[in-house]
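First comes the structure, then the notes that go with it.
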Amino acid sequence: MKKFSKKLILAAALLVIAVAFTTPARAHAVNIIPMQMEMYSTSATPVYAAPDVFSPIVTHLERFINVRVTGITENGFFVVDLNGPFYIPGAYLVPKVEKEKSASQKAHDRLDEVTEVYRTQLQMMDGIWSKFALKDVTGDGVPELIDDAGKEIYSCYDDGEHMRLVILYYSENPVTFYYSKNNNKLLGKYRWNDKDYWEVYTKDTTYVPWGQFRCFSTDASAYTGNATAIERDRDNNQETRNDLYNLLHELLGLGSAENHPDDLNENK
């Protein structure tokens with residue numbers, strides 16, 4: 001009787017151990033609608049062994065990986081062929097790759113707002129700025145607004161909801177700005193105690209999301225040969241402000257534009 005009891009206890013223990021270490025059963029069978037198409041992964045796309053988020057993840061795909069989809073399950077998983085059938089939740093695959101828009105493309109999409117932001121600033125400085133420059137000194141394809149004294153550089157910042165003007169550079173001293181297109185470097189020359197000083201600027205986003213220009217070197221010799229002075233060659237008057245939409249349209253590399261309806265009304 002004791003031997004039988006010991007065998008019974010041992011069998012029960014082995015059963016408990018077997019259950020504990022058995023691989024979890026796969027999800028119940030789901031209906032699959034066959035399909036054939038090419039899709040693309042998004043960031044850190046999980047690939048599951050079964051159409052169940054509790055099943056093992058066999059790998060993660062990087063962004064923009066092309067995969068062949070052979071079906072979709074009733075619970076929203078794509079069946080993909082990765083040297084065998086695997087499963088990806090529907091939200092992680094897209095039918096085409098949308099390339100990230102450049103700064104100039106974003107500005108063009110919202111050119112009305114960009115125009116209004118720059119025009120408002122120029123209107124505020126009417127009588128203070130007689131001249132100004134529009135020049136892409138960040139190399140992102142969007143021109144910046146440079147005041148006539150060489151003390152401030154403004155840029156149009158898109159925070160996702162609104163376009164607003166921000167200061168990228170401010171100086172107490174008048175600066176003659178130079179831009180080296182070959183090196184994409186902004187240089188500044190100013191006088192202090194009857195001596196000329198050069199600075200080379202870089203865009204620093206440590207403290208603010210839109211960044212600010214800061215001096216990172218006082219040795220500009222490597223860039224001055226390719227740098228040209230930025231002229232404040234535009235008059236800050238009503239005619240120029242009215243035509244600002246067309247000016248920005250051309251500066252964004254889009255060619256000339258027909259007169260924009262709002263260009264006839266400066267306060268619009």
Close side-chain approach of Leu111 and Tyr245, heavy atoms under 4.5 Å: yes
Ionic contact status for Arg110 with Asp158, cut-off 4.0 Å: yes
Check: Glu144/Thr138 side-chain N/O donor and acceptor closer than 3.5 Å: yes
Atom pair CE/CD of Met163 and Glu116 - distance to nearest 0.5 Å: 13.0 Å
CE/Met35: more than 12 non-hydrogen atoms of other groups inside 6.0 Å: yes
From CG (Asp243) to CZ (Arg234), nearest 0.5 Å: 9.0 Å
Exercise: do Ser55 and Asp52 side chains pair donor with acceptor under 3.5 Å: no
Hydrophobic cluster identity match, Val142 and Val137, side-chain contacts under 4.5 Å: no
side-chain contact (heavy atoms from CB on, under 4.5 Å) assessment of Trp198 paired with Tyr178: CA-CA 10 Å; Trp198 283 90; Tyr178 292 76; 3.5 Å; yes
Asp147/Lys131 under salt bridge (charged side-chain N to carboxylate O under 4.0 Å, His left out): CA gap, chis, key distance, verdict: CA-CA 7 Å; Asp147 78 346; Lys131 297 278 188 178; over 6 Å; no
Thr115-Asp112 side chain donor-acceptor pair, cut-off 3.5 Å: no
Side chain proximity check, Ser41 to Phe64, heavy atoms < 4.5 angstrom: no
Verdict with supporting geometry, Arg241 and Asn236, side-chain contact (heavy atoms from CB on, under 4.5 Å): CA-CA 7 Å; Arg241 293 191 295 266; Asn236 186 11; 2.8 Å; yes
CG on Leu122 to CD on Gln238, rounded to 0.5 Å: 13.0 Å
Separation between CD1 of Ile230 and NZ of Lys135, rounded to the nearest 0.5 Å: 6.0 Å
Ile128 atom CD1, over 12 foreign heavy atoms within 6.0 Å: yes
Worked verdict on Tyr157 versus Leu165 for side-chain contact (heavy atoms from CB on, under 4.5 Å): CA-CA 6 Å; Tyr157 175 65; Leu165 206 64; over 6 Å; no
Pro174: side chain to side chain contact (heavy atoms under 4.5 Å, CB included) partners, not counting sequence neighbours: Lys151
Inter-residue atom distance Asn226.CG - Lys185.NZ, 0.5 Å rounding: 12.5 Å
Joint cluster assignment, Val67 & Val94, ILVMFWY side-chain distance < 4.5 Å: no
Whether over 12 other heavy atoms sit under 6.0 Å from Glu62 CD: no
Side-chain H-bond candidate by donor/acceptor type, Glu199 with Tyr190, under 3.5 Å: yes
Contact summary for Ala227 and Leu187, nearest pair of heavy atoms: CB-CD1, 3.6 Å
Asn66 versus Glu38, side-chain donor and acceptor atoms under 3.5 Å: yes
Same cluster (ILVMFWY, side-chain, under 4.5 Å), Ile146 and Trp210: yes
Reference residue Tyr169; test ring-ring contact (aromatic ring centres under 6.0 Å, His included); the match among Phe213, Phe177, Tyr154: Phe177
Any residue meeting salt bridge (charged side-chain N to carboxylate O under 4.0 Å, His left out) with Asp136, in chain and number order, not counting sequence neighbours: none
Asp148 with Arg232: basic N within carboxylate O range, under 4.0 Å: no
Euclidean distance, Gln121 CD relative to Cys156 SG, rounded to 0.5 Å: 11.0 Å
